Each structure stands twice: as structure tokens, then as C-alpha cells.
Amino acid sequence: MNTAIGTIDWIPVAPFIALSVLGFLIMIIGLFFPRIYRETLGTITLVGLAVTFFLILQNWGEPRYAFANTIVGDKFSTVFNGLFVVGAALTILLSLNSQENRYLLYADYFTVIVFATAGMVLMSAGTHLLTIFLGLETLSIALYVLAGFRRENAFSLESAFKYFLLGAFASGFLLYGIALIYGATGSADIQEVTRWIQQNSLTGSLMLPIGFLLLFVGLGFKLAIFPFHMWAPDVYQGAPTPISAFMATGSKAAAFAALLRVALSTQSYTAIAWEQVLWVIAVATMTIGNIIALRQDNIKRMLAYSSIAHAGYILIGFIANNELGHSGMLFYLLSYTFMNIGAFGVISYLSTAEHEFVTLGDVRGLAYRRPFAAIAMAVFMFSLAGIPPTAGFISKFYIFSAAVKAGYVWLVILGVINSMISLYYYLGVVVQMFMSAVEEKAPATATQQPAVALALVVSMFAVLGLGIFPSRWLAVFMEMARSFI
Amino acid sequence: MNDYLWLIPFFPLLGFLINGLLGRNFSEKMVGIIGAGAIFLSFVTTLLTFKELLTLEPEHRIFIQKLYTWMATGNFSVDVAFRFDALSAVMTLVVTGVGFLIHVYSIGYMHGDRGFFRYFAFLNLFTFAMLLLVLGNNFLILFLGWEGVGLCSYLLIGFWYEKIDYANAGMKAFIVNRIGDFGFLLGMFLIFKHFGSLDFDQVFSNAAAVPPGVITAITLLLFVGATGKSAQIPLYVWLPDAMAGPTPVSALIHAATMVTAGVYMVSRASALYILSPLALSVVAVIGVATALFAATMAITSQDIKKVLAYSTISQLGYMFLAAGVGAFSAAIFHLMTHAFFKALLFLGAGSVMHALSNETNLMKMGGLRKHLPITFWTFLVGGLAISGIPGFSGFFSKDEILWKAFSSPFGSPVLWGVGAVAAGITAFYIFRMIYLAFYGESRVDPEVALHIHESPKVMTVPLMVLAVLSIIGGYVGIPHVYMGLEHFLEPVFEPASVAMAAGAAGHASASTEFTLMGISVVIALAGIYLAYQLYVMNPEKPRQLAQSMHGLYTLLFNKYYVDEIYQAVFVKPFVNLSNVFFWRFFDVKIIDGIVNGVARIFGNIAAGLRRMQTGIVQMYALSLMLGAIIIFGYFILR
């Protein structure tokens with residue numbers, strides 16, 4: 001272990017540093033040029049994210065540790081970090097819409113998004129529990145701020161405040177878990193903990209398993225899985241639309257990254273042998289998310305409940321606990337990033353500062369007013385529902401196949417039933433768009449939204465591309481999953 | 001030549017893209033030419049491929065074209081690959097051939113409709129999906145097409161979205177089909193688990209190595225999928241409602257092609273079905289029961305399209321009966337002849353509706369024979385074919401099915417008997433429909449009667465072509481004639497024919513066959529005679545009969561109340577559960593009740609903040625806490 005600056009391997013930390021520098025840079029630009037166009041700021045941010053993406057790719061290969069083994073650059077972190085940066089870039093594009101135009105302090109807003117991404121990067125690259133915690137807190141604090149960014153909107157404030165209170169509560173669980181793990185093994189370094197577990201028994205005392213369970217609860221809050229899901233709909237509904245998308249995808253993926261990293265390295269969750277609990281959680285998460293989503297008229301709220309359900313599906317891959325399951329989770333998270341940001345993006349694309357297009361009534365006959373938006377939304381809805389040949393179908397197929405392979409046939413049956421139920425409400429949106437007449441007094445839709453349109457086009461291509469040509473990506477994810485063995 | 005296999009589905013896809021993206025700006029003529037032309041091109045490609053296929057030795061008659069690897073994980077991989085063998089060839093010819101005629105017909109039928117280009121785009125997309133379904137070389141491509149045709153069917157049923165009932169019918173079709181698809185998906189996962197592959201060749205050649213129980217489970221699950229798509233008991237309820245869509249759609253999707261996908265799938269998996277006598281009996285019994293049940297419901301229906309819908313369900317039942325007794329080639333034979341005569345009947349009904357300003361009520365027709373001669377004569381041909389009158393195509397295929405139901409080692413005289421009775425009922429209700437529509441006094445509304453006219457050539461020519469096919473289509477099935485269909489399909493159904501041959505121990509003789517054939521012809525003629533007596537000679541009689549057998553009539557008229565029963569048993573409880581428990585309780589009472597209730601005073605930040613203090617956040621925190629405690633409790637106490 002070498003802590004001297006001169007011998008530090010900079011590559012593993014480069015993405016994090018790049019994001020930090022980028023964040024400060026935008027903040028300073030905003031300070032000195034308060035009247036700068038938001039498009040200019042957005043472009044700078046996107047360029048910065050592109051540079052970060054390049055740096056992330058440099059980490060693909062054998063694990064390279066830095067900062068006293070607290071952070072690593074490996075295939076796992078490369079894949080997840082790439083995902084985060086893509087999600088952040090799409091969020092930036094969505095934010096350049098006419099809905100948010102009036103009241104956002106764009107420099108601050110972009111800065112916070114970039115810092116949130118930096119937090120995610122720490123969560124997937126951290127090999128020390130405290131690094132992961134640091135990442136989680138960086139991400140969380142940034143998200144609290146972002147959720148409340150529409151300062152004149154009571155919903156937005158409510159959203160931020162609720163998220164903050166509950167998030168703090170959940171962080172407590174996480175930290176307590178880390179403390180117990182440290183207490184039992186004498187270290188919070190994941191490698192050390194793994195070594196300790198290999199030499200001693202994991203379940204010898206209650207302290208260590210409880211520690212892992214507490215860790216799971218803390219991350220479960222971010223994943224919005226049952227019974228830690230209740231905040232999600234309120235928060236997603238209240239937050240600015242691009243931020244809802246960002247939270248539902250990036251923050252969820254980051255929590256899965258941390259969970260997977262700990263699980264795959266230590267094999268702790270396998271050793272605890274608590275599949276039944278996970279099984280119940282997965283089923284309850286899917287079912288509650290889907291059934292409540294059935295009754296929503298507000299599309300954002302519907303997407304919030306559906307995002308709960310999707311966390312349940314992804315959890316199936318975690319339970320299957322085989323290569324296909326783990327790489328399927330990655331595939332799912334990647335697909336989900338595109339389809340969910342896309343779906344939220346269509347709302348952003350249509351909404352004006354005066355009117356947010358969020359109810360089923362708002363999208364009636366959309367296909368005849370705004371065909372592009374309607375087609376894009378239909379693609380995302382089909383993908384979320386898991387209809388071939390979209391990315392959503394392949395994702396579910398991988399996850400379910402993995403579970404069947406691992407012998408969880410009933411879990412798959414319930415998962416398939418759930419995805420059948422979900423089709424009803426996703427399709428409800430399509431029906432309203434294509435098979436209803438436009439309402440007489442329908443409010444005007446936003447026009448001239450090139451940035452959002454770009455995000456939608458990219459997401460659409462990704463959703464269809466991942467669906468029609470999935471094998472290359474899965475090969476990458478398989479390699480990642482295998483790199484842990 | 002087989003490198004061009006991909007062109008067959010590609011042309012309709014191209015047509016969909018062109019019409020879908022640019023059709024808005026095209027003239028009707030242009031849209032029609034692109035739409036029908038795309039199908040014509042794939043029909044020609046199919047013919048050329050078919051010709052090439054015939055040059056090969058029977059056992060080598062198979063083309064496989066792999067485009068690329070769709071997904072691969074370790075030793076499991078799924079290709080995007082097409083397969084053109086005897087079975088796919090027949091299906092593709094039917095889909096593109098009949099599909100082309102229906103596209104042409106649609107140009108006349110949909111003339112002047114606001115959504116003309118949208119209609120053709122969807123119809124092409126449907127054909128694309130259907131071709132994927134029949135050409136796919138593995139279960140996943142099959143499933144891709146399966147979902148695609150369902151989706152298009154749903155879009156086309158709800159085509160005239162202004163009418164709310166129509167959109168609801170689309171929704172119903174979709175939900176019922178999802179139940180079927182659920183079975184299909186699970187079957188597919190089981191195949192994946194036990195075979196490690198979804199490729200047809202690999203699965204079928206290893207079928208014998210898998211435990212029989214598993215095979216039974218797989219085949220039954222797949223059959224659940226088939227009952228959904230092919231409208232069999234208990235999932236047939238969507239098809240009559242699907243008649244809300246444009247009539248050519250009913251002809252193409254709900255008669256000739258999509259609804260036969262279940263039959264195709266079961267036949268494709270014949271190597272699995274033949275290993276499970278239990279699954280075969282289930283298929284046969286469901287098939288024959290549906291054939292009878294749906295035929296009885298057609299008797300009292302007053303809507304010309306609904307009669308045809310029930311008749312389709314009933315005829316599909318025959319196909320499953322054939323598959324269930326192991327006579328897969330008979331099933332495909334009937335599938336083909338049915339595609340001809342049922343498409344003809346639907347298009348004929350469409351022509352009648354076209355003449356009568358979209359009237360579908362048989363009670364408001366009558367005497368149309370004089371006004372619509374071409375429609376009448378072609379419709380009559382279709383009627384004779386479906387009734388199984390010798391010389392017409394339906395006779396050959398239905399007789400083949402009934403004979404196999406009797407003589408096959410998996411068959412029984414009971415299956416034959418029920419099938420023969422249903423055939424008699426079929427002849428009756430078909431001729432009831434013909435007599436009500438074309439014979440007797442005109443009951444047409446006087447206003448409508450002024451405009452009665454025969455349809456334009458673009459509609460009548462497809463009718464005539466289909467009428468010719470409905471007659472000669474049966475002759476390909478006659479054994480010992482040049483290239484009998486059964487012989488042609490033999491390589492595909494080899495495991496099944498081996499099992500059939502092994503079981504056929506002197507069970508059947510030629511004289512029995514002719515006797516049974518004679519009986520079924522007599523039954524069919526009796527049905528027609530009865531219809532003639534009731535609806536032409538004594539038009540008052542049916543009403544008297546309905547009154548004297550009031551109970552039975554009401555039961556049939558209300559379709560055995562199946563819709564009502566489903567509504568009460570399945571739909572209501574689910575809606576209540578979602579409504580009352582999850583939504584009302586969790587969401588409305590607890591979340592929305594507090595949050596959104598207060599939100600009405602929204603706009604006031606202070607109020608918004610005060611809301612934070614009302615306890616809702618504590619509730620959420622409490623659930624977090626309780627959840628954690630339960631998890632730990634389980635862990636510590638187990």
C-alpha cells in the first residue's frame with residue numbers, strides 16, 4: 001500500500017477528478033458570466049462529460065487500484081460509469097427545454113448534476129465501504145438540491161424536503177451497516193472484508209450479516225424497492241421532469257452498482273442465504289409498483305410506480321446470482337436508462353412553462369398533433385412494457401432466462417404476470433395518443449426544442465438498437481460479470 | 001436463391017415505412033400501389049423460392065438463412081434466421097397470396113377513408129410481422145412475430161377510434177391475448193431451461209431426451225398461447241368483438257392469417273406434441289368442443305360479421321382437432337382452404353356492407369341476389385366450400401380431418417361424431433346467412449335501398465380469384481395426385497407421421513372411410529335443407545321456433561353468457577382489488593388523500609411546508625423502519 005502522491009495510479013480516479021473539475025468550472029463560469037446562454041453552458045457540460053467518458057473507457061481491463069485501495073478502475077466501474085455519464089448527458093439535453101426556461105439558474109443546475117454524477121462514479125468505483133458512502137452522500141445531497149430546483153413550485157419543494165428527510169434516515173441505516181461490518185471484521189475495505197470472510201465464517205456471529213442487511217436497507221431506499229419505495233412517486237412527481245428521469249435511472253443504477261460490487265466481491269449475500277426474503281421483496285416490489293401504476297392518470301406518477309416495478313425485475317437478476325443474471329442487470333439498467341429518460345423526455349419535449357403535459361388527457365390524439373413525439377413515446381412505452389424487438393424485451397428476457405436457469409421458476413412466472421399487467425397501463429398511453437381524438441381545448445405544445453429532440457432521437461435509436469442488436473453489449477457485460485470470478 | 005429469403009418479410013416492412021412516414025402526402029392511388037405492391041413483391045419472391053424448393057429432394061427441402069446472431073450468452077445463442085421448408089412455404093404462400101388479394105380489395109373498400117394511408121401502413125406492418133412468425137427459425141423470432149401481429153391486430157381493430165366501443169374491443173383483444181402469450185412465454189422459458197436452445201432443429205431433435213412430464217408441460221403452455229391467438233375455448237371471447245375493425249382486416253387477420261398462428265405453432269412443434277398423448281388429447285378435445293360450441297353460437301347471431309367470426313372460431317377448432325389427433329398436415333390443409341373460403345366470405349360480407357352503407361344486420365338485408373350478382377355467386381361458392389359440399393375445397397380438408405379424427409391412433413369415434421354434428425350446424429348457419437342476406441323479400445331500409453350497387457372491380461376481382469381458389473384449393477390435398485399436400489409436408493411432420501403409422505394397426509379401411517364421408521355429406525346437405533325450409537320456404541317459422549324454445553334461444557342469443565361470467569369472475573375482482581385495496585387504500589387514502597388533498601390549496605409555500613409536518617413523512621419512515629425490522633426478524637428468528 002503506497003500513499004505517496006508520486007506513485008498514485010491516476011487513471012482510476014481520472015473520471016472522478018474530471019467531473020469535479022467540470023463541476024467547479026461551470027460554477028465559476030456562471031459566477032463570472034451570469035448572462036451566459038444556457039445552451040452554451042449545456043454544450044460545455046456535454047463536452048466535459050465526453051472527456052469524462054473517454055477517461056472512463058481507459059479503465060477497461062484488469063483492476064487498477066488507487067488511493068490506498070479505496071477506489072478502483074476495472075471493467076465493472078467502466079461499464080457503470082459509462083452508463084452514468086450517458087444518463088447525465090441525456091439529462092442535460094432534456095433540461096434545455098422550454099418548460100424549465102424561466103426560473104432555473106442553469107450554472108448551478110448543471111453543476112449539481114455533474115456533482116451528482118461524480119457521486120455515482122464513486123459508488124461504482126469505490127472498493128472501500130466509506131468511499132461508497134461518500135459517493136452516496138455526494139449523490140444524495142445533489143439530488144436533494146435538484147429535486148427542489150423549481151423554487152416557486154410547492155410540489156417541487158415538498159419533493160425535495162421529503163426526499164431529504166427520508167434519505168437522511170436511510171443513510172443512517174447504511175452507515176450503521178458499515179459500522180457493524182467494520183466492527184466484525186476490523187476493516188471497511190471490501191477486499192479486507194472479503195479476506196476476513198474467507199478465513200472466518202460469515203454467519204458465525206450476527207453482527208456481520210446484520211451489517212450487510214443494514215447496508216442493503218440503505219441502498220434499498222435508493223433503489224426504491226418495497227418496503228422502502230414510498231417516497232419515490234411523490235419525489236418523482238414533484239421534481240423537474242429531467243431530474244425525475246435522472247433519479248429514476250442514474251441514481252437507481254448507482255445503488256445497484258454499489259450493491260453488486262459488495263455482493264460480487266464478498267459473496268456475502270449468497271452466504272447469508274436469505275433468498276426467500278429477496279424473493280418476497282422482488283415480487284412485492286413488482287406487484288405493488290405495477291398494480292398502483294394501473295390507476296394513475298398522471299404519466300409522471302405512473303412512470304414513478306413503474307420505476308418501482310422495474311427495480312423489482314432487476315432484483316430478479318440479483319437473486320438469480322449467475323453470470324447471465326448479473327450481466328442481464330447491467331443490460332436492463334442500460335436499456336432502462338434510455339427508455340425511461342426517453343419517456344420523461346417526451347413530457348419535457350411537449351411541456352411549456354405554462355402547462356406540463358403529464359396527464360392521459362393531455363396526450364390524447366397526440367399522434368395527429370405531434371407525430372414525432374407520439375412515435376417516440378410509443379417506442380419507449382413498448383420498451384418499458386417489454387415488447388420485442390425493443391431493448392426492454394431483451395432485458396426482461398435475459399433476466400428471466402437467468403432466473404429460470406437458476407431454478408427460480410415461480411419467480412419468473414410472477415415476473416411474467418407482472419409484465420403482462422404493466423402492459424395495460426403503458427399501452428393506455430399509446431391508445432390515448434393514437435386512438436383518441438384531440439381534445440377541443442387542448443393547450444398548446446412546446447415547439448423548437450432541438451436539444452430535447454436530440455435526446456429523444458438518441459434514446460430511440462438506443463432502445464431499438466439494443467433490442468435488435470443486443471449481443472455485442474451483452475458480451476461486454478458478460479465479460480464484466482466474469483471479471484469477478 | 002435462399003439468400004433472398006429475407007426479402008419476403010422485407011418488402012412489407014419497406015411498404016410500412018414508406019406509407020407510414022410519407023403516406024400522409026401521397027394520393028390514395030399511390031398509397032394503394034405501394035401497399036399492395038409490397039405484398040405482391042413478396043408473393044413473387046415466395047413463389048420463386050418455392051419453385052427452387054421443389055427442385056430439391058423431399059428430405060432436403062429446407063432453406064435456412066441466418067442474418068446475424070441476435071443474442072448470445074455462453075453456449076446459448078439465438079439467431080435472426082429465416083427458415084423456408086414445406087410448412088413455412090405453405091404458410092408464406094397463403095399469407096402473401098391471400099394477403100395481396102385483400103390489400104387490393106382494401107383499395108376499393110377503404111376509398112375515401114380519412115386514415116387511408118395509416119390503414120395501409122398498419123396492414124403492411126401486420127404482414128411483415130406475420131411473415132416473421134411463419135418464417136422464423138426459432139421460438140424467439142416466432143414470438144417476435146406473434147407479438148407483432150397481436151399489436152397490429154389491436155391497432156387495426158381500433159382503427160376507427162372515434163367509436164369508443166371499437167377501441168374497447170381492441171383493448172379486450174389485447175388483454176385476452178396477453179393471457180395466451182403468458183402461456184407461450186412460460187413454455188418458451190421451459191424450453192430454454194431444458195433444451196438450452198430455442199432453435200427449432202435443436203429443440204425438436206433432442207425432444208426424446210427430455211422427460212415426458214416436461215414435454216407435456218411445455219406443450220400445454222404453448223397451447224395456452226395458441227388458444228389465445230387462435231380464439232379457442234376459453235380465450236375465444238375477443239374474436240367476435242374484433243369484428244369492429246374494417247372488414248378486410250377481419251378477412252386478413254381474423255380469418256386467413258393471424259388467428260391461424262396458433263395452429264401453425266402447434267404444427268411447427270409437432271415433434272413435441274407427438275410425445276405427449278395428454279397434450280394431444282387436450283388439443284383435440286378443446287378443438288372439437290370449440291368447433292361445436294362456436295357453431296351453435298353462430299345460429300342465432302343477426303350480425304353478418306359475427307356469424308362469420310363464430311364460424312372462424314369453429315373452423316379453427318377443426319384445425320386443432322386435426323392437430324390433436326396427430327394429423328398435422330390435415331390441420332395445415334384445412335388452414336389453407338379455410339384461408340381461401342373464409343377470406344372470400346368476409347370480403348363478400350364487406351361487399352354487401354359496402355352496398356348497404358355499412359349495414360351488418362342480417363335482418364335488414366334480403367333479396368340482394370339480384371342487385372349484387374358477383375358478390376352473391378362468389379359468396380355462395382364460399383358457403384358451399386365451408387359447408388363441405390363435395391367438389392369444393394372445404395369438403396376435402398374437412399373430410400380429411402374427420403376421417404383422421406376417427407381413424408388416427410389418437411382419435412376416437414366420439415371426436416368424429418361431434419365434429420360431424422358441428423359440420424351440419426355449420427352448413428345450417430352459413431345457409432341461414434346466405435338465405436337471409438340474398439334471398440326472400442328485401443328488408444333493407446328504404447333510404448339505403450336507393451343506393452344499392454355492386455362493388456367496383458378492384459373489389460370484385462379479388463372475390464372471383466378467391467372463389468376459384470375456394471374450389472380448386474382442395475385438389476392439392478387429394479392423395480396420389482401429383483404432389484399431394486400431405487406428402488409434401490411429410491418431412492416437416494416426420495416424427496408425427498412415424499408415431500401415427502406405428503399406432504395405425506388396421507384401424508381403418510377404405511370402405512369405412514367412404515361410409516363416413518357419405519354420412520358427413522348427408523349431414524351437411526341436411527343442414528342446408530333445414531336452412532332452406534326455415535328461411536326461404538317458411539320465413540315465419542324461425543320466430544315461432546325461437547318462442548317455443550325460448551330458454552335455449554335466449555341462451556344461444558346471449559352466447560351462453562360467457563362474457564358476463566368472465567366479467568363477474570375475473571375482471572370485477574381484479575379491478576376491485578386494484579381499486580379498493582391498492583389504489584384506494586394505499587394510494588388514495590394514504591398518499592393522495594393527504595398529499596393531493598392539501599395540494600388543492602397549492603401555490604402557498606408555507607402550506608406546502610406545513611404539509612410536511614402532517615405525519616406523512618413519518619409514515620414513510622415508519623414503513624422503512626418496519627421493513628428493516630421484519631427483514632432482520634426473519635433473519636434472526638429463522
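Given the structure is predicted, the values throughout are model-derived calculations rather than measurements. Order of the sequence lines fixes the chain letters, A, B, ..., with proteins taken first and strands second; residue numbering starts at 1 for each chain.
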Inter-residue atom distance [X].[atom1] - [Y].[atom2], 0.5 Å rounding:
| X | Y | atom1 | atom2 | result |
| --- | --- | --- | --- | --- |
| B:F632 | A:L206 | CZ | CG | 11.0 Å |
| B:L624 | A:W231 | CG | CH2 | 10.5 Å |
| A:I417 | B:L186 | CD1 | CG | 7.5 Å |

>> Among A:V409, A:I281, A:I468, A:V217, which residue has the highest count of heavy-atom pairs closer than 4.5 Å to chain B?
In response: A:I468
>> I'd like to verify something: which residue of A:L214, A:V430, A:V280 has the highest number of heavy-atom pairs under 4.5 Å with chain B?
In response: A:L214
> Are more than 12 heavy atoms from other residues, nucleotides or ligands located less than 6.0 Å from atom CE of B:M625?
Replying inline: no
>> With a sphere of 6.0 Å drawn around CZ of A:F173, does it hold more than 12 non-hydrogen atoms of other residues, nucleotides or ligands?
In response: yes
> Of all residues at least two apart in sequence or in a different chain, which pass the salt bridge (charged side-chain N to carboxylate O under 4.0 Å, His left out) check with B:D181?
Replying inline: B:R178
Could you tell me which non-hydrogen atom of [X] sits nearest to which non-hydrogen atom of [Y], and how far apart they are?
| X | Y | result |
| --- | --- | --- |
| A:G407 | B:K193 | CA-NZ, 4.4 Å |
| A:P227 | B:G627 | CG-CA, 3.3 Å |
| B:L144 | A:P389 | CD1-N, 3.6 Å |

Output a table of donor-acceptor pairs, distance under 3.5 Å, between side-chain atoms of residues 392-401 of chain A and any protein atom two or more places apart or on a different chain; print 'none' if there are none.
unit_1 : atom_1 : unit_2 : atom_2 : d
A:S395 : OG     : A:S335 : OG     : 3.0
A:S395 : OG     : A:A391 : O      : 2.7
A:K396 : NZ     : A:L384 : O      : 3.2
A:S401 : OG     : A:F397 : O      : 2.6

Need one label for [X]: side chain, backbone, both or neither, based on atoms under 4.5 Å from any heavy atom in chain A.
| X | value |
| --- | --- |
| B:L21 | neither |
| B:L626 | neither |
| B:L190 | neither |

> Are the side chain of B:W70 and the backbone N or O of A:G467 linked by a donor-acceptor pair below 3.5 Å?
Replying inline: yes
>> Taking every non-hydrogen pair under 4.5 Å, which of B:L185, B:T69, B:I631 racks up the most with chain A?
In response: B:I631
> Between B:F192, B:F182, B:F143, which shows the greatest number of heavy-atom pairs under 4.5 Å with chain A?
Replying inline: B:F182
> Quick one: what part of A:L474 sits under 4.5 Å from any heavy atom of chain B, side chain, backbone, both or neither?
Replying inline: side chain
> Would you say the side chain of A:K405 lies within less than 4.5 Å of the side chain of B:F189, judging by non-hydrogen atoms?
Replying inline: no
